[in-house]
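Just so you know, these numbers use all the heavy atoms, side chains as well, and skip hydrogens, waters and symmetry mates. Just so it is clear, the structure is predicted and the values come from calculations on it, not from any experiment.
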Amino acid sequence: MMIRKYGLFLCLLCVCIMATAQQIADFQIENKVYVDGVRSVKLRPAGQHIGEPIAILNGGHEQLELDFDDLETDDHYLKYTFIHCTHDWKISDMNQIEYISGFNEDMIEEYDYSFNTIVSYTHYHLLFPSENMSFTKSGNYLLLVYDDTPEHPVLTRRFMVVEDVPAMVQGEVHSASDVQDRFTRQEVDFSVSPAPYVVRNPAMTLHATIKQNGRWDNAICGLTYRSVSNGVFSFDFDDGRNAFDGGSEFHTFDISTLRSNGDRIVSVDFAHRRNQAYVLMDEARPYGAYESRNTMHGACVYHNRDLSNPFSEDYVNTYFTLQSKYPFENGDVYVFGELTDWQIKDEARLHYNPTQHYWETDFPIKQGIYNYQYVYVPHGSDKIDASYVEGSHYETHNQYLILVYFKEEGSSYDRLVAVGNCTTH
């Protein structure tokens, strides 16, 4: 009798969570923070500073690692759950009990307080899958972290679970096929050998996604194959559907130490009860020549060189300045990269300083090493243009992630059957 009651409880809990998730007005199937005070969110393979959040189905001890800081002083009763999604990031029709083994929600029990920092924060840490919650299906997933109940979301993160016996994908990056774009855009061509999966009706059941660096806003989703030969599906197009703006190499700076000026830091000081850092001024370069630089593809690594203690990275009010000969009358310019969570944030919007004749902004970020760039968003649009300020070159070093999904006939979900990576040379 107790087992039957427990099973009924799990089913009811699952239905409630899914129903609630779909009813929350501000809930979105994307990487987003919903409350003030939460910063420096990272979801990556456990033990790595940088990496795509991809887990392996039945992967044993391989886990994903979530870290974030809460700068608010209130205590929170944080829980989390997983939501399965389709290849194009819509909530799947499946019930949670169909793709989660164990509980349908769990608590985030591991947290620590910052050490010897001006800005106090609580650092939260989560490893999954775990003994309490693991996956039984591959595909796209959304991690939902909430305060006590799903009606109070704290953050959401996209991640993927790939089949433990994946198909083979091979890709390469080169300049665009279109002559007009060959010097400014990059084309990602690839092929998929689907064995051991039997693909019938591939035009309806086989889909691919291409993601550039850490961005989801410009990801190309829902690609279907162009041709098939000897059981190998080709995604080699010449009409631009698999092409991206090459952009330019990311800028970089280092605030991992506050005792001296790090790379591209003009000065550091302490004012207004906060550490301050000033990044070397940048210059708009929409028509400049390509410049090669070392890159982390827009990512960041949190680190404090001055103290070896964990959770000793402080938050530093960081100033950015941009000189431009070109007007920004019809839109706004933002600092952009993992330091802004790959989002357009108002605090990162540049304002014109008529006295100094440059654009500027400042906002707090955690000590570490950073990549960033300036992007342009036209008024009345949400489209991010990374070439308007920075220019675009086919030689730029970008990292591309290829995801291949297969929905078997009669199945209710999209399986992630292949993952590939390729970069420009």
Side chains of [X] and [Y], donor plus acceptor under 3.5 Å:
X	Y	result
S138	E163	yes
E105	Y146	yes
Q96	T81	yes
E360	N353	yes
N140	H87	no
Y315	S40	yes
N317	N275	no

task: Begin with the C-alpha distance, continue with both residues' side-chain angles, and end with the deciding distance and a verdict on salt bridge (Lys or Arg N to Asp or Glu O under 4.0 Å) for R39 and E347.
output: CA-CA 13 Å; R39 288 183 173 268; E347 66 178 11; 2.8 Å; yes

List in chain and number order the residues that pass ring pair (Phe, Tyr, Trp, His ring centres under 6.0 Å) with [X], two or more places apart in sequence or in another chain; answer none if no residue qualifies.
X	value
Y326	Y287
F159	F82, F128, F135, Y141
Y290	H393
H251	Y372, Y374

So [Y] and [X], do their side chains get closer than 4.5 Å, heavy atoms only?
X	Y	value
D362	F320	no
Y34	T156	yes
I402	V419	no
Q399	T424	no
T361	V335	yes
V165	L57	no
L155	R157	yes
L66	V41	yes

Could [X] and [Y] be called an ion pair, given the rule that one side-chain N must be under 4.0 Å from one carboxylate O?
X	Y	answer
D385	K383	no
E408	R415	yes
E30	R158	no

task: Check the pair V316, Q276 against side chain to side chain contact (heavy atoms under 4.5 Å, CB included), reporting the backbone distance first and the verdict last.
output: CA-CA 6 Å; V316 182; Q276 315 283 332; 5.7 Å; no

message: Quick test of your reading: applying side-chain hydrogen bond (donor to acceptor under 3.5 Å, both in side chains), list the pairs with at least one residue in residues 176-187, sequence neighbours left out, ordered by first then second residue.
response: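 Non-adjacent pairs meeting side-chain hydrogen bond (donor to acceptor under 3.5 Å, both in side chains): S177-E187, R185-D245, Q186-N398, Q186-Y400.
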
query: Under the side-chain hydrogen bond (donor to acceptor under 3.5 Å, both in side chains) rule, what pairs show up with a residue in residues 112-121, not counting sequence neighbours?
result: S114-T117

With a sphere of 6.0 Å drawn around [atom1] of [X], does it hold more than 12 non-hydrogen atoms of other residues, nucleotides or ligands?
X	atom1	answer
H49	NE2	no
D239	CG	yes
M168	CE	no
N201	CG	yes
D148	CG	yes
H272	NE2	no

Examine distances only and state if a side-chain atom of [X] and a backbone atom of [Y] form a donor-acceptor pair shorter than 3.5 Å.
X	Y	value
D414	Y405	no
Q63	P129	yes
E249	H397	yes
S312	F115	no

Candidate pair K137 and E98, rule salt bridge (Lys or Arg N to Asp or Glu O under 4.0 Å), full reasoning: CA-CA 8 Å; K137 302 287 191 299; E98 297 180 72; 5.9 Å; no

Output all residues satisfying side-chain contact (heavy atoms from CB on, under 4.5 Å) with [X], sequence neighbours left out; order by chain, then residue number.
X	answer
E65	R44, A46, D67, H125, L127
S412	M94
T136	Y99, S101

To the nearest 0.5 Å, tell me how far [X] [atom1] sits from [Y] [atom2].
X	Y	atom1	atom2	result
I384	D217	CD1	CG	4.0 Å
I365	D314	CD1	CG	12.0 Å
Y370	Q367	OH	CD	9.0 Å
N213	E338	CG	CD	11.0 Å
T252	N294	OG1	CG	9.0 Å
H207	T205	NE2	OG1	7.5 Å

Grab the two heavy atoms, one from [X] and one from [Y], that are nearest each other, plus how far apart they are.
X	Y	value
G247	S392	N-OG, 3.0 Å
C85	S92	C-OG, 3.1 Å
G171	C422	O-CB, 3.9 Å

- prompt: Is the distance between the ring centroids of Y319 and Y278 under 6.0 Å?
  reply: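 Under 6.0 Å, so yes.
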
- request: Measure centre to centre between the rings of H84 and Y413, then say whether the value is under 6.0 Å.
  value: yes

Could you go through residues 222-234 and list every donor-acceptor pair under 3.5 Å that involves a side-chain atom there, pairing it with any protein atom two or more places apart or in another chain?
{"from": "R226", "atom 1": "NH1", "to": "D236", "atom 2": "O", "distance (Å)": "2.7"}
{"from": "S234", "atom 1": "OG", "to": "D236", "atom 2": "N", "distance (Å)": "3.3"}

- request: Please state whether the rings of W342 and F336 are parallel, tilted or perpendicular, taking 30° and 60° as the class boundaries.
  value: perpendicular

task: Identify, with sequence neighbours excluded, every residue that meets side-chain hydrogen bond (donor to acceptor under 3.5 Å, both in side chains) alongside S256.
output: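 Listed in chain order: D254, R305.
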
field: Quiz item: cation-pi between K42 and Y302, 6.0 Å / 45°
entry: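 Yes; both conditions hold, so K42 lies above the ring face of Y302.
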
query: Applying salt bridge (Lys or Arg N to Asp or Glu O under 4.0 Å), which residue pairs with at least one partner in residues 272-283 are found, sequence neighbours left out?
result: R264-D282

